Amino acid sequence: MIATPSRSLSIIGAGLAGSLLAILLSRQGWQITLYERRGDPRVSDYESGRSINLALAERGRHALRQAGVEDAVMAKAVMMRGRMIHPRDGAPQLQRYGRDDSEVIWSIHRKDLNTTLLQLAEDAGATVHFHRRLHTVDFDAGYARFIDDRDDQPHDIRFDTLIGADGAGSALRAAMNRKQPLDERIDFLDHSYKELEIPPTDDGGFRIEANALHIWPRGHYMCIALPNDEGTFTVTLFLPNEGDPSFATTNSGAEAEALFARDFPDALPLIPNLRRDWEQHPPGLLGTLHLKHWHMKGRAVLIGDAAHAMVPFHGQGMNCAFEDCIALAGHLLEQDSLGKAFAAFEVDRKPNAEAIQQMALENYLEMRDRVADPQFLLQRELEQALQARWPTRFVPHYTMVTFLRTPYAVALARTELQRRMLEEATAGHDTLAHIDWAALEQLIHEQLPVLEGAH
Ligand code: FAD
Ligand code: 8RB
């Protein structure tokens with residue numbers, strides 16, 4: 001589509017997807033206005049000074065590369081080579097994510113990333129209005145009402161088209177749903193999370209291995225920690241809402257400390273403010289958002305968490321939201337109307353979003369339980385051996401999701417075939433000594449065509 005200068009789009013939410021999309025579309029000639037509920041992260045005390053980090057993988061890096069911001073982001077990223085598993089007893093052990101240091105994930109600051117993307121959006125010509133929380137939309141008249149939460153004053157604007165990048169609790173989604181039901185369903189997980197922090201050592205170093213994603217798997221629950229470049233770690237405890245132990249049985253800071261003393265004894269001395277942090281922050285909810293429709297003809301479309309929020313266990317929410325941005329910008333270039341572009345975007349992305357939503361749920365079980373299971377470790381060993389023999393056909397699940405840009409739906413389908421092969425070939429064995437390689441070779445050649453990008 002040839003965008004004339006008068007073609008304007010209003011993006012709700014200047015978070016990760018909104019600001020990246022604003023860069024891409026401004027450069028394609030669209031006149032972009034962003035409306036953000038919060039204040040400008042470049043001036044205000046965003047996230048009250050706490051470091052919140054995210055794992056960036058190849059899909060996200062690729063999108064940042066397209067926007068020309070990869071180098072700025074990577075300059076402060078911390079490499080995570082694999083999972084550092086902290087068993088109940090015994091020393092921590094690293095399970096590498098990939099074959100070498102070219103196959104790793106990166107821990108980055110949310111605030112730094114958002115600030116960088118916002119600055120580039122403005123540089124590309126987008127206008128950003130802060131302290132504008134979308135409240136209601138009149139689609140027929142083309143008016144949207146925003147509230148400034150500092151003084152509760154309303155601000156009405158005229159719009160042509162709205163793009164909802166306003167996150168899991170999207171106000172645009174609610175407005176669209178009122179106009180035309182989106183068949184929204186949120187499957188809440190019966191587990192929630194709490195964030196804690198490991199501070200640096202006195203001389204500013206890391207208290208535990210810096211270049212890993214730490215996991216304390218405990219069967220029905222787990223703790224994780226991601227490094228920040230200033231020497232801290234953001235720790236997240238995932239715990240059931242009910243039962244024992246659970247958020248229901250762990251209310252006070254003292255109860256939390258007792259839980260850590262029993263189940264995470266090596267982590268407890270690393271978290272000096274555990275009691276305070278526990279009591280200051282309520283547990284966060286986790287869930288999967290399913291919608292029948294993501295768009296309303298040419299008037300509105302949802303992207304990122306607003307369209308398909310997922311549980312965090314694959315670390316792909318941002319990565320997927322960035323892939324959405326590239327896809328939507330591409331469809332806007334290819335189609336000759338907004339309505340067609342939004343429809344094509346939905347056809348392209350919805351099956352893939354649904355696939356990563358499912359894989360994210362499945363990865364919770366893997367992280368909290370299976371990583372410590374000998375049968376799982378044997379399957380992993382076989383997976384690596386098969387990849388070494390047939391690297392373009394047998395590509396491990398984690399590699400397809402994290403290091404390649406294989407469409408998520410393709411990754412899911414191949415993962416299911418591969419999982420069956422791994423389970424059947426290792427059943428009843430405790431080493432790879434009796435594996436029938438010839439039979440596996442035949443299965444692999446029959447069922448797994450050469451995968452684009454695999455090497
Ligand atoms: P957001 O980044 O949430 O942006 C939404 C924006 O809209 C915000 O700026 C918000 O203030 C604004 N907004 C909300 N309502 C309104 C309104 N009514 N009007 C105007 N503006 C509004 N993903 C990964 O890939 N890897 C990770 O390791 C990872 N870790 C995470 C850790 C945590 C603690 C959390 C909470 C999420 C994590 N995610 C991770 C998921 C990732 O943060 C999201 O998937 C991603 O931010 C989605 O981008 P988005 O732009 O759709 O939403
Ligand atoms: N949202 C992550 C992975 C996969 C790691 C592996 C898992 C915290 C909220 Cl839980 C989680 C991963 O398979 O070994 N990569 O990146 C990030 C994760 O949690 C993030 C920090 C998180 N996301 C609400 C809390």
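In listed order, ligands and their atoms are each counted from 1. The figures that follow rest on heavy atoms only: side chains count, while hydrogens, waters and symmetry mates do not. Only a predicted model underlies this, so the values are computations on that prediction, with no experimental measurement involved.
- With rounding to the nearest 0.5 Å, the separation of CG in D190 from NE2 in H220 is 11.0 Å.
- Under 4.0 angstrom from ligand 2, the non-hydrogen atoms of M367 all belong to its side chain.
- The NZ atom of K179 sits 6.0 Å away from atom CE of M296, with the distance rounded to the nearest 0.5 Å.
- Annotation for ligand 1: atoms under 4.0 Å from non-hydrogen atoms of E195 are 34 (C).
- Against a heavy-atom cut-off of under 4.0 Å, R83 is close to the following atoms of ligand 2: 6 (C), 13 (O), 14 (O).
- With a 4.0 Å cut-off on non-hydrogen atoms, H135 does not touch ligand 1 at all.
- The shortest N/O to N/O separation between Y97 and ligand 2 falls below 3.5 Å.
- Proximity of the aromatic rings of F345 and H295 is defined here by a centroid distance below 6.0 angstrom, and this criterion is not met.
- For atom 40 (C) of ligand 1, the nearest non-hydrogen atom from the set L34, D305, L54 comes from L54.
- No N or O atom of N114 sits closer than 3.5 Å to an N or O atom of ligand 1.
- Neither the backbone nor the side chain of M310 comes within 4.0 Å of ligand 1, counting heavy atoms alone.
- Counting atoms of ligand 1 from 1 in the listed order, those under 4.0 Å from a heavy atom of Y35 are 20 (C), 21 (N).
- In this structure, R59 and F322 have side chains that are not in contact, with every pair of non-hydrogen atoms separated by 4.5 Å or more.
- Counting only N and O atoms by type, the side chains of Q358 and E362 include a donor and acceptor under 3.5 Å apart.
- Considering only heavy atoms from C-beta on, L451 comes within 4.5 Å of L404 through its side chain.
- Near A55, with a cut-off below 4.0 Å to any heavy atom, the atoms of ligand 2 are 16 (O).
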Inset, instruction - Begin from the C-alpha positions of H129 and F146 and carry the test ring-ring contact (aromatic ring centres under 6.0 Å, His included) through to its verdict. - result: CA-CA 11 Å; H129 297 289; F146 294 84; 8.7 Å; no
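- H314 and H397 are linked by a side-chain donor-acceptor pair at a separation below 3.5 angstrom, with hydrogens and angles left out of the test.
- Those atoms of ligand 1 with a heavy atom of A171 less than 4.0 angstrom away are 18 (N).
- Residue R38 has at least one heavy-atom neighbour below 4.0 Å for each of these atoms of ligand 1: 8 (C), 9 (O), 11 (O).
- When non-hydrogen atoms are compared, ligand 1 lies under 4.0 Å from the side chain of I12 (C-beta onward) but not from its backbone.
- Near G304, the atoms of ligand 1 lying under 4.0 angstrom from a non-hydrogen atom of the residue are 52 (O).
- Nearest heavy-atom pair across P200 and T232 is CD-CG2, 3.6 Å.
- Residue contacts with ligand 2 for Y398 involve side-chain atoms from C-beta outward but no N, CA, C or O (heavy atoms, distance under 4.0 Å).
- Taking every non-hydrogen atom of G167 and a distance limit under 4.0 Å, the qualifying atoms of ligand 1 come out as 5 (C), 53 (O).
- Contact annotation: for A55 versus ligand 1, heavy atoms closer than 4.0 Å belong to both the backbone and the side chain.
- Ligand 1 is never approached by H314 to a heavy-atom distance shorter than 4.0 Å.
- Taking distance alone, with nitrogen or oxygen atoms compared against 3.5 Å, Y193 stays at or beyond that limit from ligand 2.
- A donor-acceptor pair under 3.5 Å is formed between the side chain of E36 and the backbone N or O of R38.
- Ranking the protein heavy atoms by distance from atom 19 (O) of ligand 2 puts I224 CD1, 3.5 Å first.
- Interface of I215 with ligand 2, defined as ligand atoms under 4.0 Å from a residue heavy atom, comprises 14 (O).
- Between N363 and ligand 2, an N or O atom pair is found at a separation short of 3.5 Å.
- Closest to atom 4 (C) of ligand 2, if we only count protein heavy atoms, is F313 O, 3.7 Å.
- The closest approach between any non-hydrogen atom of P312 and ligand 1 is not below 4.0 Å.
- Of all the heavy atoms of L54, none lies under 4.0 Å from any atom of ligand 2, so neither backbone nor side chain is involved.
- Each of the atoms 19 (N), 20 (C) of ligand 1 lies under 4.0 Å from some heavy atom of R132.
- Residue V371 places no heavy atom under 4.0 Å from ligand 2.
- When atom types are taken as modelled, the side chain of D40 and the backbone of R42 share a donor-acceptor pair closer than 3.5 angstrom.
- Looking only at protein heavy atoms, the nearest one to atom 2 (C) of ligand 2 is G315 CA, 3.4 Å.
- At a 3.5 angstrom cut-off on N or O pairs, L134 counts as close to ligand 1.
- A salt bridge does not link K350 with E346: every distance from a Lys NZ or Arg NE/NH1/NH2 to an Asp or Glu carboxylate oxygen is 4.0 Å or more.
- Of the possible polar contacts, none joining the D324 side chain to the I303 backbone as a donor-acceptor pair under 3.5 Å is found.
- Residue contacts with ligand 1, taken as heavy atom pairs separated by less than 4.0 Å, do not involve F146 at all.
- Geometric assessment of R368 against the ring of Y364 yields a positive cation-pi assignment under the 6.0 Å and 45° thresholds.
- Of all protein heavy atoms, the one closest to atom 22 (C) of ligand 2 is P312 CB, 3.8 Å.
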